[in-house]
Amino acid sequence: MILHLITNFSASAGAETMLARLLKASPDERVMVVSLLDISARNRDLAGNPRVEYVALGARSLPAIIQGTMRLAQIIRQEKPSVLLCWMYHAMVVGTLAAKLSRRATPVIWNVRQSLDDVASLSRSSHLAIAAAKVLSGSASGIIYNSSRARDMHGAYGYRNLNSVVIPNGFEIPAVATHHQVPDQAPARRIGIVARFHPQKDHATFFRAAASVLRTHPDTRFLAAGRGLAWDNPEVVRLITDAGLPSEAIDLRGEVADMEDFYRNIDILALSSRTEGFPNVVAEAMSYAKMVVATDVGDAAEVAGNAGIVVPARDPEAFADAMRKVLDLSPEEYARYAHLARDRIESEYTLHKIERRYSNFLRNF
């Protein structure tokens, strides 16, 4: 039995989505998921695996974290998992301590989902967890990184573990993006961004770049999806106003349930982040045969390959210039890059291939 420990399985970000996909791809194996905070119906439904048992610890304060650590130690003693896989920093710290308290020789594997491109954009709580994990890193039986850059940066920061591997995220290839359906006309000038409203996603750079693009390509339209991206959020409105981006040029959609519809209705996927590990949205958009413009964070450049353009982070004009280059492609050029995007995900990042890499690595313990 595999025991997954994750910081918050009620979130809708990359780590939670990837865990749900792994659970869906492992229907014949008994699995338990323990969340330090909560578990959402969205993630249960995404996993769609009736064999999974879920436990939410509700650890929202230091006393609750201590109590949750003790409870997790008890779960480890009772369930006797073959491996404890800890997703993200807080879970890595709590899982390692709980395994020690359980007095069982349970292999503890860390799953690092974040690179350290811009630590200033992370919360104080994340800073503390990253530092605590560095101290405990030698106690982990192994570490999975979801990007090569994350492994390099954490090694330079002081994480000590020779038994590490890079396993990127995996994706189910959507049927709507079969080759004969890849668009053969010029882009309709719809540029979308998918990211929760958070400093590390750097929406300010995206809004400024969008305003710049409008000055040369006035028929371009922008779509923004993600928690907090709504007109009733005054901070978002302020950033859009400060950027000089007309409100009629951007559609703020908030948290979107139907991502298939979102990807179908854009022509370019934008990623303006200051830091990432493996940017799920880049690969997801590419699986729908969409070109990408991304900042050079995490493994964005590795994922995009020659099917997109990567620019330095926090540079609105470089970002705008990259978007213009895609908008100016001929119909034939755009169709060729769209094919490349789809083919790259299909050949390198299918969920089946990634699930096998997880299974093969965990089988060593």
Side-chain angles (χ1 to χ4, degrees), residues 1-114 123 125-126 128-129 132-133 136 139-144 146 167 169 227 351 355 358-359 361-363 365:
M1 190 267 279
I2 295 179
L3 174 57
H4 293 274
L5 177 67
I6 190 165
T7 301
N8 184 14
F9 204 49
S10 68
S12 304
E16 296 77 22
T17 299
M18 186 59 217
L19 173 53
R21 287 172 178 160
L22 278 183
L23 297 174
K24 184 177 181 179
S26 307
D28 300 324
E29 187 172 24
R30 181 171 175 251
V31 180
M32 177 176 283
V33 174
V34 177
S35 173
L36 294 183
L37 293 176
D38 300 306
I39 294 165
S40 70
R42 176 260 187 193
N43 289 333
R44 281 177 179 261
D45 292 344
L46 188 60
N49 188 338
R51 293 176 61 86
V52 178
E53 302 172 50
Y54 295 96
V55 177
L57 299 178
R60 292 180 174 79
S61 64
L62 182 57
I65 291 173
I66 295 172
Q67 184 178 5
T69 304
M70 300 298 292
R71 185 180 177 193
L72 177 62
Q74 183 180 26
I75 291 172
I76 293 171
R77 284 193 296 269
Q78 291 176 344
E79 300 295 336
K80 302 178 178 60
S82 58
V83 65
L84 172 61
L85 182 54
C86 305
W87 295 67
M88 301 188 293
Y89 301 116
H90 295 83
M92 286 152 46
V93 173
V94 171
T96 302
L97 295 176
K100 291 179 182 295
L101 290 170
S102 74
R103 300 182 183 277
R104 282 189 53 81
T106 302
V108 179
I109 310 300
W110 289 3
N111 200 334
V112 178
R113 317 295 301 176
Q114 178 76 55
S123 67
S125 177
S126 292
L128 292 173
L136 294 171
S139 299
S141 303
I143 302 180
I144 297 171
N146 72 344
I167 304 179
N169 292 347
R227 189 175 68 251
L351 180 58
E355 190 276 332
Y358 267 91
S359 296
F361 184 70
L362 296 178
R363 202 173 289 127
F365 302 96

query: Glu355 and Ser359: side chain to side chain donor-acceptor pair (under 3.5 Å), yes or no, with the steps?
result: CA-CA 6 Å; Glu355 190 276 332; Ser359 296; 2.9 Å; yes

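- Taking Arg21 as the reference, Glu284 meet the salt bridge (Lys or Arg N to Asp or Glu O under 4.0 Å) condition, with sequence neighbours excluded.
- Take Tyr89 and apply the ring pair (Phe, Tyr, Trp, His ring centres under 6.0 Å) test, not counting sequence neighbours, and it matches His154.
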Table please: side-chain donor-acceptor pairs of residues 52-67 below 3.5 Å, with sequence neighbours left out.
unit_1 : atom_1 : unit_2 : atom_2 : d
Glu53  : OE2    : Arg30  : NE     : 2.9
Glu53  : OE2    : Arg30  : NH2    : 2.9
Arg60  : NH2    : Asp38  : OD1    : 2.8
Arg60  : NH2    : Asp38  : OD2    : 2.1
Ser61  : OG     : Ala64  : N      : 3.3

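- Side chain of Gln78 to backbone of Ile75: no donor-acceptor contact under 3.5 angstrom is found.
- Taking Ser82 as the reference, Ile2 meet the side-chain contact (heavy atoms from CB on, under 4.5 Å) condition, with sequence neighbours excluded.
- Annotation: side chain of Leu72 is in contact with side chain of Leu3 (closest heavy-atom distance under 4.5 Å).
- Under the side-chain contact (heavy atoms from CB on, under 4.5 Å) criterion, Ala133 pairs with Met92, Val93, Trp110, Tyr159, not counting sequence neighbours.
- You'll find the side chain of Leu85 reaches within 4.5 Å of the side chain of His4, heavy atoms only.
- Not counting sequence neighbours, Tyr358 has no partner by the ring pair (Phe, Tyr, Trp, His ring centres under 6.0 Å) test.
- Under the side-chain contact (heavy atoms from CB on, under 4.5 Å) criterion, Thr106 pairs with Ile76, Pro81, Leu84, Arg104, sequence neighbours left out.
- Every residue meeting the side-chain contact (heavy atoms from CB on, under 4.5 Å) condition with Leu128, not counting sequence neighbours, appears here in chain and number order: Arg124.
- Annotation: side-chain hydrogen bond (donor to acceptor under 3.5 Å, both in side chains) contacts of Ser40 (sequence neighbours excluded): Asn43.
- Checked against side-chain hydrogen bond (donor to acceptor under 3.5 Å, both in side chains), Arg103 has no partners two or more places apart in sequence or in another chain.
- Shown here are the side-chain hydrogen bond (donor to acceptor under 3.5 Å, both in side chains) partners of Ser126, two or more places apart in sequence or in another chain: Ser123.
- Residues passing the side-chain hydrogen bond (donor to acceptor under 3.5 Å, both in side chains) test with Arg42 are Thr17, sequence neighbours excluded.
- Between Ile6 and Met88 there is a side-chain heavy-atom pair separated by less than 4.5 Å.
- Residues Leu101 and Met70 are in side-chain contact: their nearest non-hydrogen atoms beyond the backbone lie under 4.5 Å apart.
- Under a 3.5 Å cut-off, the side chain of Ser141 and the backbone N or O of Val108 do form a donor-acceptor pair.
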**Asked** Passes side-chain contact (heavy atoms from CB on, under 4.5 Å), Leu351 versus Met18? Steps please.
**Response** CA-CA 9 Å; Leu351 180 58; Met18 186 59 217; 4.0 Å; yes

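- For the atom pair CG (Asn111) and CG (Leu5), the distance works out to 11.5 Å, reported to the nearest 0.5 Å.
- With contacts defined as side-chain heavy-atom distances shorter than 4.5 Å, the pair Asn169/Arg113 qualifies.
- Between Leu36 and His90 there is a side-chain heavy-atom pair separated by less than 4.5 Å.
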- Task: Using the side-chain contact (heavy atoms from CB on, under 4.5 Å) rule, take Asn49 and Val31 through it: C-alpha gap first, then chi angles, then the decisive distance, then the call.
- Result: CA-CA 9 Å; Asn49 188 338; Val31 180; 5.6 Å; no

